[in-house]
Every structure is written in C-alpha cells, then in structure tokens.
Amino acid sequence: MSKKKIAVLASGRGTNLQSIIDGVKSGQINNAAIELVISDKKEAYALERAGNNGIEALWIDPGAFPGHAEYNNALLQEMHKREIDLVVLAGYMRILSEGFVKAYKDAIINIHPSLIPAFCGKGYYGERVHMEVLEYGAKVTGATVHFVDEGTDTGPIILQKAVEVDREDTVQSLAKRVLEVEHTLLPLAVDLYCRDRLRIQGRRVDIETE
Ligand code: GAR
C-alpha cells in the first residue's frame with residue numbers, strides 16, 4: 001500500500017497537529033506522510049510547528065478571495081497539486097465549502113472537543129464548547145473524531161471518548177483534560193484511515209481489525 005499523503009488545516013496553536021506529527025515520527029501512525037499544513041491565520045502557531053518539523057506550511061488568507069467558494073477552491077488546488085489523500089481538520093475554525101467536501105468525500109477527518117451530537121454544530125468551537133458544557137451542567141463531555149460531510153459536525157463518527165466533568169472544573173481545566181483525550185484519539189483515527197481499516201456503512205463507521 002502506498003503511503004497516504006496528508007494535509008492538515010489548522011487555525012491556531014496546533015497541538016492536535018503536533019499529535020499527528022509525533023504519531024508519524026514514533027510509528028504510531030503507519031503508512032502516512034504529512035505533506036502540507038495550511039492555515040487561514042497568519043499568526044497560527046501550527047504553521048511554526050510544521051516548519052520546525054520540515055513540513056511545508058502555507059498561510060492562505062481568506063481575505064484575499066472574493067468569497068467562501070473561491071477560498072475553498074484555492075485550498076483544493078493546493079491539495080490536488082500534491083495529490084493529497086487525506087485532509088485532517090485540527091482546530092480549523094472554518095466551514096469547508098460543499099465543493100471541497102464533495103472533492104474529498106470520505107477523506108476529511110475532524111476532531112471536535114465534545115461528545116457529538118452534544119455541544120456541536122454552528123458556533124461551537126474551541127473554548128466556547130467547554131463553556132456551554134459547564135453552563136448546561138453536563139456531567140460528561142469528551143472528544144469525537146468524525147468524517148466531514150456537508151453539514152457542521154454531522155458526519156459519521158470514527159472514535160469517541162468520554163471525559164467526566166468535575167464540580168470544580170473551569171473552562172480551562174476541562175479543555176485541558178479533553179485536549180489530552182483528543183491527542184490520543186486523533187492519531188489513532190489517522191492511523192486507522194491510513195491503514196485502510198475504516199468502513200463507512202451509512203452513519204456508522206466500522207473498524208476492521210487485522
Ligand atoms: C481543539 O480542542 C479542537 O478539538 C477544537 O479546537 C481546539 C484546537 O486546538 N476544534 C474545534 O472546536 C472545531 N469545531 P489545537 O490548535 O491545539 O489543536
């Protein structure tokens with residue numbers, strides 16, 4: 001099997017990107033090469049992480065395009081140029097266009113900091129998610145890795161893990177514990193994808209064991 005070429009889209013500090021970089025380096029993620037990291041934010045630390053690890057890093061400014069579709073087409077062009085197989089959204093705070101999602105059908109993975117379908121969808125990103133969990137009084141939250149479809153956080157779920165909410169939790173303490181779980185789930189899901197172990201059956205994703 002030829003190595004899967006991965007592109008990562010990230011808007012921020014990129015700790016989830018780092019978990020994939022480390023996973024490929026340590027051999028936890030098999031059959032994969034990270035070819036490209038793209039950010040919509042010039043100052044995203046994710047771009048520096050890519051550079052520090054010899055991975056091509058691009059800032060593509062959404063403001064330089066007339067609209068959402070044109071920006072996404074530019075992203076798509078970069079993917080096609082490098083024959084990318086898998087797109088990973090690692091803290092990417094934008095919605096992909098329908099055209100992009102269609103072009104990479106069943107080949108885009110997102111990490112979300114809650115147990116989908118709770119605390120997800122439009123407007124639920126980053127710390128806002130944990131704030132809503134605490135305000136709601138939920139006793140359990142967690143992390144989800146899922147395939148991306150045309151909706152927001154609606155694609156088939158690959159992996160999930162729960163995190164208990166403590167009475168004393170703040171947004172920061174909860175985010176920290178959920179992030180630790182994200183860093184275990186995302187490399188696991190990327191490895192399964194790259195070893196061709198994931199089978200999408202309608203809404204369900206079956207994991208083939210060896
Ligand atoms: C992570 O918690 C990720 O799950 C979340 O943003 C954070 C990015 O952290 N993503 C979303 O909320 C997407 N809806 P990172 O930049 O350190 O990986």
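As the structure lists them, so they are numbered: ligands from 1, and atoms in each ligand from 1.
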Distance-only donor-acceptor check, side chains Asp169 and Ser173, under 3.5 Å: yes
Amino acids contacting ligand 1, non-hydrogen cut-off under 4.0 Å: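 The answer is Arg13, Gly14, Thr15, Asn16, Gly91, Met93, Ile111, His112, Pro113, Tyr124, Tyr125, Gly126, Leu179, Glu182, counting any residue whose heavy atom sits under 4.0 Å from ligand 1.
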Exercise: identify the closest heavy-atom pair between Val165 and Val140: CG2-N, 3.9 Å
Nearest heavy atoms of Leu96 and His68, plus distance in Å: C-NE2, 3.9 Å
Of Glu56, Glu35, Gln77, the residue whose pairing with Arg82 passes side-chain hydrogen bond (donor to acceptor under 3.5 Å, both in side chains): Glu56
Mutual orientation of the aromatic rings belonging to Phe119 and Tyr136 [parallel < 30°, tilted 30-60°, perpendicular > 60°]: perpendicular
Heavy-atom neighbours of Glu180 CD exceed 12 at 6.0 Å: yes
